[in-house]
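Values in this document were obtained by computation on a predicted structure and should not be read as measured data.
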Amino acid sequence: IEVASRADLADARGESVRGSIRTFLDLPVARVRTRTIYKIDGELTPDERERVRAEVTDPVTQVSSLARLPSPGSHWVLTVGFRPGVTDNLGRSAQVAVEDLIGRELPPGAGVYTEQEVHLFAPEVDFGAARRIGEELLANLLIETLTVRSAAQWEEEPADLSIPVIRSTAEPRVDDVDLGGSDDELIRISREGTLSLSLGEMKTIRDHFADPAVAAARAEVGLSATP
C-alpha cells in the first residue's frame with residue numbers, strides 16, 4: 001500500500017527534508033515529496049486489502065493505492081527501508097491495526113513492513129549527489145537499506161514487493177561432541193567451533209557431562225551422555 005500527501009497540499013515531511021538538504025548539503029533541490037509504503041506479508045482478501053488501505057489513509061489530506069501511485073514528476077527516487085531483523089515500529093503498529101481490522105491474527109512469521117520513498121525535484125542533481133542525500137540525511141546504513149534510482153528507472157521497474165526477512169530452508173544439524181580427549185583436543189574443539197572458551201572452561205563443561213547424575217538425567221529424556 002502506498003500513501004502520499006495529496007498533490008494540492010503541502011508535504012510537511014518533504015519540506016523538512018528539503019530544508020535539511022539546503023542547510024546541510026547546499027544542493028539545488030527545488031521540492032521534495034514523500035510516500036510511506038506498507039508491505040503486508042500475509043494473505044488478505046480483496047475486501048480486507050481495501051479496508052486496510054482506507055484505514056492507513058487520511059481521506060482529507062492523503063491519497064493511497066494498493067498499487068504504485070503515479071509519478072509526481074520528480075527527477076530522483078530514494079527508498080529507505082529497514083534491514084532484516086531490525087525493529088520496524090511503524091510496521092508493528094500497522095500490524096496491530098491490520099489484525100484488529102480484519103478480526104484475526106496474521107499467520108506466524110507474517111508481518112507488516114514499511115519503507116519511506118522520497119521524490120526529489122532536482123534536475124541539476126546527479127546520481128552521486130542524490131546518493132549523498134540518502135546516506136547523509138535519510139538512511140542509517142547500519143540498520144537501513146537505501147535504493148537510489150532516477151525517475152525514469154523507477155517508472156520502468158516494477159514495484160519492489162520484497163520484504164526484509166531472511167527465510168532459510170536448511171534443516172538444523174545436531175552433532176555429539178566427544179570431550180574425553182586431551183587438552184590439545186579440547187582447545188581444538190573450542191577453536192574450530194568458535195566457542196571462545198578457555199581450556200579451564202572446556203574442562204568444566206567436560207566434567208559436568210561426565211557427572212553420572214547428569215548422564216542419568218539426560219538419558220531419561222532421550223539425550224546421549226555427550227554434549
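- Cluster membership for Val148 and Ile143, using ILVMFWY side-chain heavy atoms within less than 4.5 angstrom, is not shared.
- Contact check for Pro72 versus Arg31: no side-chain heavy atoms found under the 4.5 Å cut-off.
- In the hydrophobic clustering of ILVMFWY residues, with side-chain heavy atoms under 4.5 Å counting as a link, Leu69 and Val80 come out apart.
- Separation of atoms CG (Asp58) and CZ (Arg6) is listed at 9.5 Å; rounding is to 0.5 Å.
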Check step by step if side-chain contact (heavy atoms from CB on, under 4.5 Å) holds for Tyr38 and Leu90.
CA-CA 9 Å; Tyr38 297 88; Leu90 179 58; 4.3 Å; yes
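- Annotation: side chain of Ser5 is not in contact with side chain of Thr61 (no heavy-atom distance under 4.5 Å).
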Go through Arg131 and Leu146 one step at a time and tell me if the side-chain contact (heavy atoms from CB on, under 4.5 Å) criterion holds.
CA-CA 8 Å; Arg131 184 160 192 87; Leu146 170 67; 4.1 Å; yes
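- The closest donor-acceptor contact from the side chain of Asp11 to the backbone of Thr34 lies under 3.5 Å.
- Put simply, CG on Leu66 and CD on Glu50 are 5.5 Å apart, with the number rounded to the nearest 0.5 Å.
- Among Leu44, Ile40, Ile1, the one residue that satisfies the side chain to side chain contact (heavy atoms under 4.5 Å, CB included) test with Arg49 is Leu44.
- Checked for salt-bridge contact, Glu185 and Arg188 meet the test: a charged N lies under 4.0 Å from a carboxylate O.
- The number of heavy-atom neighbours closer than 6.0 Å to CD of Glu43, taken from other residues, nucleotides and ligands shown, is 12 or below.
- Each of Ile37 and Ile163 belongs to its own hydrophobic cluster when Ile, Leu, Val, Met, Phe, Trp and Tyr are linked at side-chain heavy-atom distances under 4.5 angstrom.
- Contact between Arg18 and Ala30 at its shortest, heavy atoms only, is CD-O, 3.2 Å.
- Nearest approach of Val3 to Ser64, heavy atoms of both residues: CG2-CB, 3.9 Å.
- Heavy atoms only, all atoms of each residue included: Asp183 and Lys203 are closest at OD1-CE, 3.1 Å.
- Taking a 6.0 Å sphere around CG of Asp26, one finds it holds 12 or fewer heavy atoms contributed by other residues, nucleotides or ligands.
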Decide yes or no on salt bridge (Lys or Arg N to Asp or Glu O under 4.0 Å) for Glu117 and Arg68, but give the supporting numbers first.
CA-CA 11 Å; Glu117 196 169 80; Arg68 177 180 280 173; 5.5 Å; no
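- With values rounded to the nearest 0.5 angstrom, Asp176 atom CG is found 10.0 Å from Phe209 atom CZ.
- Between Arg83 and Pro164, the closest heavy-atom pair is C-CB, 4.1 Å.
- In this structure, the side chain of Glu136 does not engage the main chain of Arg132 through any donor-acceptor pair within 3.5 Å.
- Note that CH2 of Trp154 and NE2 of His75 are 14.0 Å apart. Values are rounded to the nearest 0.5 Å.
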I'd like to know whether Arg51 forms a salt bridge (Lys or Arg N to Asp or Glu O under 4.0 Å) with Glu48, so could you lay out the CA-CA distance, the side-chain angles of the two residues, the decisive distance to 0.1 Å, and finally the verdict.
CA-CA 5 Å; Arg51 288 163 57 201; Glu48 288 171 339; 5.1 Å; no
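- Atom CD of Glu157 has more than 12 neighbouring heavy atoms from other residues, nucleotides or ligands inside a 6.0 Å radius.
- Note that CG of Asp126 and OG of Ser150 are 12.0 Å apart. Values are rounded to the nearest 0.5 Å.
- Between the side chain of Arg33 and the backbone N or O of His119, no donor-acceptor pair lies under 3.5 Å.
- Proximity of a side-chain donor or acceptor of Lys39 to a complementary backbone N or O of Asp160 within less than 3.5 Å is detected.
- For the pair Ala130 and Leu78, the tightest heavy-atom approach, listed with the atom from each and the gap, is O-CD2, 3.3 Å.
- One N or O on the side chain of Arg218 and one on the backbone of Thr226 form a donor-acceptor pair closer than 3.5 Å.
- Placement of Leu141 and Val17 within a single hydrophobic cluster is found when ILVMFWY residues are connected by side-chain heavy-atom separations under 4.5 Å, directly or transitively.
- Using modelled atom types and a 3.5 Å distance limit, the side chains of Asp184 and Ser182 yield no donor-acceptor pair.
- Looking at Arg149 and Thr79, their side chains do bring a donor and an acceptor atom within 3.5 Å of each other.
- Taking CE of Met202 as the reference point, atom OG of Ser190 lies at 5.5 Å (rounded to 0.5 Å).
- Nearest heavy atoms, Leu27 versus Ala129: CD1-O, 4.0 Å.
- Cluster annotation: Ile205 is connected to Leu186 through the hydrophobic network of ILVMFWY side chains, with a link wherever side-chain heavy atoms come within less than 4.5 Å.
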Can you check side-chain contact (heavy atoms from CB on, under 4.5 Å) on Val118 and Ile133, steps first, answer last?
CA-CA 10 Å; Val118 178; Ile133 291 170; over 6 Å; no
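- In this structure a side-chain-to-backbone donor-acceptor pair under 3.5 Å is present from Thr204 to Gly200.
- In this structure, the side chain of Ser16 does not engage the main chain of Ala12 through any donor-acceptor pair within 3.5 Å.
- Between the side chain of Ser65 and the main chain of Ala67, a donor-acceptor pair closer than 3.5 Å is present.
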